[in-house]
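Worksheet: the structure to be examined is printed underneath.
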Amino acid sequence: MQPIRLGLVGYGKIAQDQHVPAILANPAFQLVAVATQGKPCAGVENFQSLGELLENGPTVDAIAFCTPPQGRFALVQQALAVGKHVLVEKPPCATLGEAMALVDQVAEQGVSALFAWHSRYAPGIAAAREWLASRTLQSVQIDWKEDVRKWHPGQAWIWQPGGLGVFDPGINALSIITHLLALPLFVEAAELRVPSNCQSPIAASIKMSDARQLDVRAEFDFDHGHDELWSIEIRCTEGVLRLDNGGAVLSIDGVRQSVSEEGEYAAVYRHFQQLISDKASDLDLQPLRLVADSFFVGSRALVEPFYD
Ligand SMILES: NC(=O)C1=CN([C@@H]2O[C@H](COP(=O)(O)OP(=O)(O)OC[C@H]3O[C@@H](n4cnc5c(N)ncnc54)[C@H](O)[C@@H]3O)[C@@H](O)[C@H]2O)C=CC1
Ligand SMILES: O=C1O[C@@H]([C@H](O)CO)[C@H](O)[C@H]1O
């Protein structure tokens, strides 16, 4: 079986930390070219732009996009237009409209595409989803707090329009909860705390619900310090389910459960490989819709300026 010849656009932090190691560890893929505006990727041909890669580079079957959300829409469109399968980092685009247009273009092109909500592949998520399927949910508390200086050092884009600010990590929690719950969530209220020198929030409080009036609260914080808090607690009639460490740890009524040993990005690329094999796609817009709705209904509070 020939490996899937893979291009990658945007060789930045997550590409270096997660994507390239996961690609190199999966024999179904062969990384053959990178297009990036920063430091080059060793061991493959490097190009300054996707256009140059497509025009002058080695043949690729699929392309992974690890650029910032702003501008990513045009890049993915360019790849789809020439029939490439695409894996798109979260959030898929800077706007909901762009992401919806990509869904339509994927269908028109008949290629495989994945909006890679990486937190859905955390080790504890599948077991959590199975346990919850037969339970009666009462309330959900989400606490998603980390240090932007650790996870996005020097990344100005995250504070600019389309960069989402604290929703860039917060959307990971939303991707988990929308994967765990049976019914769609609605944003009832939100407070976005925006530094006076930024265009996107550094913290947010969100109140959500579903058609059965489930009480879902989320607290996001991007200035939390180095000991991350990435937890979701779901209270049910039958007991309490808790996900910690971004979904890597699952506890039920305080008892830690056995979970998958596969890492998030190994599972992401295994899923992408299966989609290509099945001539299928996985393009969920729900997490991005909740972010958009939080921006629609959210009150704004200006807070002290942020300096990296
Ligand atoms: N930083 C993190 O811990 C994580 C980030 N992500 C997501 O991955 C995406 C990228 O984030 P980071 O890697 O942190 O950002 P980054 O700023 O470190 O990397 C972005 C890369 O894209 C390149 N780039 C920008 N525009 C380009 C273009 N038109 N053509 C080619 N290359 C271009 C830049 O040169 C840079 O190397 C974001 O959507 C983020 O939400 C996902 C998981 C974790
Ligand atoms: O997707 C993302 O994950 C976090 C962090 O890398 C792990 O939670 C990062 O802030 C965000 O871009």
Side-chain angles (χ1 to χ4, degrees), residues 7-22 33-41 46-54 57 63-79 87-95 98-99 114-122 125 142-160 162-176 200-203 220-232 243-249 263-265 268-269 287-288 291 308:
L8 185 143
V9 183
Y11 185 62
K13 183 174 176 16
I14 197 57
Q16 296 169 42
D17 288 356
Q18 297 291 346
H19 283 262
V20 171
V34 165
T36 194
Q37 295 175 348
K39 84 171 193 177
C41 176
N46 284 262
F47 301 88
Q48 286 297 309
S49 71
L50 174 58
E52 191 190 340
L53 185 159
L54 292 172
I63 298 174
F65 290 88
C66 302
T67 54
Q70 302 98 326
R72 192 187 289 157
F73 176 53
L75 293 169
V76 180
Q77 280 190 303
Q78 195 177 357
L87 182 155
V88 186
E89 253 297 355
K90 42 60 61 181
C93 289
T95 70
E98 291 175 339
L114 172 61
F115 287 166
W117 300 111
H118 63 82
S119 292
R120 285 182 171 176
Y121 303 81
I125 302 303
I142 300 167
D143 290 292
W144 218 259
K145 304 182 178 182
E146 65 180 55
D147 183 355
V148 63
R149 295 173 183 84
K150 175 177 178 182
W151 297 100
H152 297 271
Q155 297 180 14
W157 62 262
I158 213 156
W159 300 114
Q160 293 160 0
L164 294 189
V166 74
F167 283 92
D168 183 83
I171 205 170
N172 293 331
L174 298 176
S175 73
I176 291 173
S200 49
I202 195 167
F220 296 159
D221 186 359
F222 226 177
D223 195 17
H224 178 67
H226 270 53
D227 296 330
E228 294 85 12
L229 175 59
W230 295 314
S231 71
I232 298 175
L243 287 163
D244 284 292
N245 196 15
V249 175
E264 284 183 9
Y265 280 84
V268 165
Y269 275 89
L288 190 61
V291 172
D308 210 333

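Read the numbers this way: they start at 1 and go in the same order the structure lists the ligands and their atoms.
- Not counting sequence neighbours, the partners of Phe167 by the ring-ring contact (aromatic ring centres under 6.0 Å, His included) test are Phe220, Phe295.
- Nearest approach of Tyr11 to Pro40, heavy atoms of both residues: CE2-O, 3.5 Å.
- Counting only N and O atoms by type, the side chains of Glu146 and His224 include no donor and acceptor under 3.5 Å apart.
- For Tyr269, the ring-ring contact (aromatic ring centres under 6.0 Å, His included) partners two or more places apart in sequence, or in a different chain, are His19, Phe29.
- Of all heavy-atom pairs between Ser231 and Asp244, the closest is CB-OD1, 3.3 Å.
- If you look at ligand 1, the protein residues with a non-hydrogen atom under 4.0 Å away are Val9, Gly10, Tyr11, Gly12, Lys13, Ile14, Ala35, Thr36, Gln37, Gly38, Cys66, Thr67, Pro68, Pro69, Arg72, Leu75, Glu89, Lys90, Pro91, His118, Trp151, His152, Gln155, Trp157, Asp168, Tyr265.
- Taking the six-membered ring for Trp and the full ring otherwise, Trp151 and Trp230 have centroids separated by under 6.0 Å.
- A heavy-atom distance below 4.5 Å is not found between the side chains of Gln77 and Glu98.
- The pair Arg72-Glu89 fails the salt-bridge criterion, with no side-chain N (NZ, NE, NH1 or NH2) lying under 4.0 Å from an Asp/Glu carboxylate O.
- The closest side-chain heavy-atom distance from Lys145 to Phe222 is not below 4.5 Å.
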Tabulate distances under 3.5 Å between N/O atoms of ligand 2 and N/O atoms of the protein, writing both atom names on each line.
residue	atom	partner	partner atom	Å
ligand 2	1 (O)	Lys90	NZ	2.9
ligand 2	1 (O)	His118	NE2	2.9
ligand 2	1 (O)	Asn172	ND2	2.9
ligand 2	3 (O)	Asn172	ND2	3.2
ligand 2	8 (O)	Glu146	OE1	3.4
ligand 2	10 (O)	Glu146	OE2	2.4
ligand 2	10 (O)	His152	NE2	2.8
ligand 2	12 (O)	Lys90	NZ	3.3
ligand 2	12 (O)	His152	NE2	3.0
ligand 2	12 (O)	Asp168	OD2	2.4

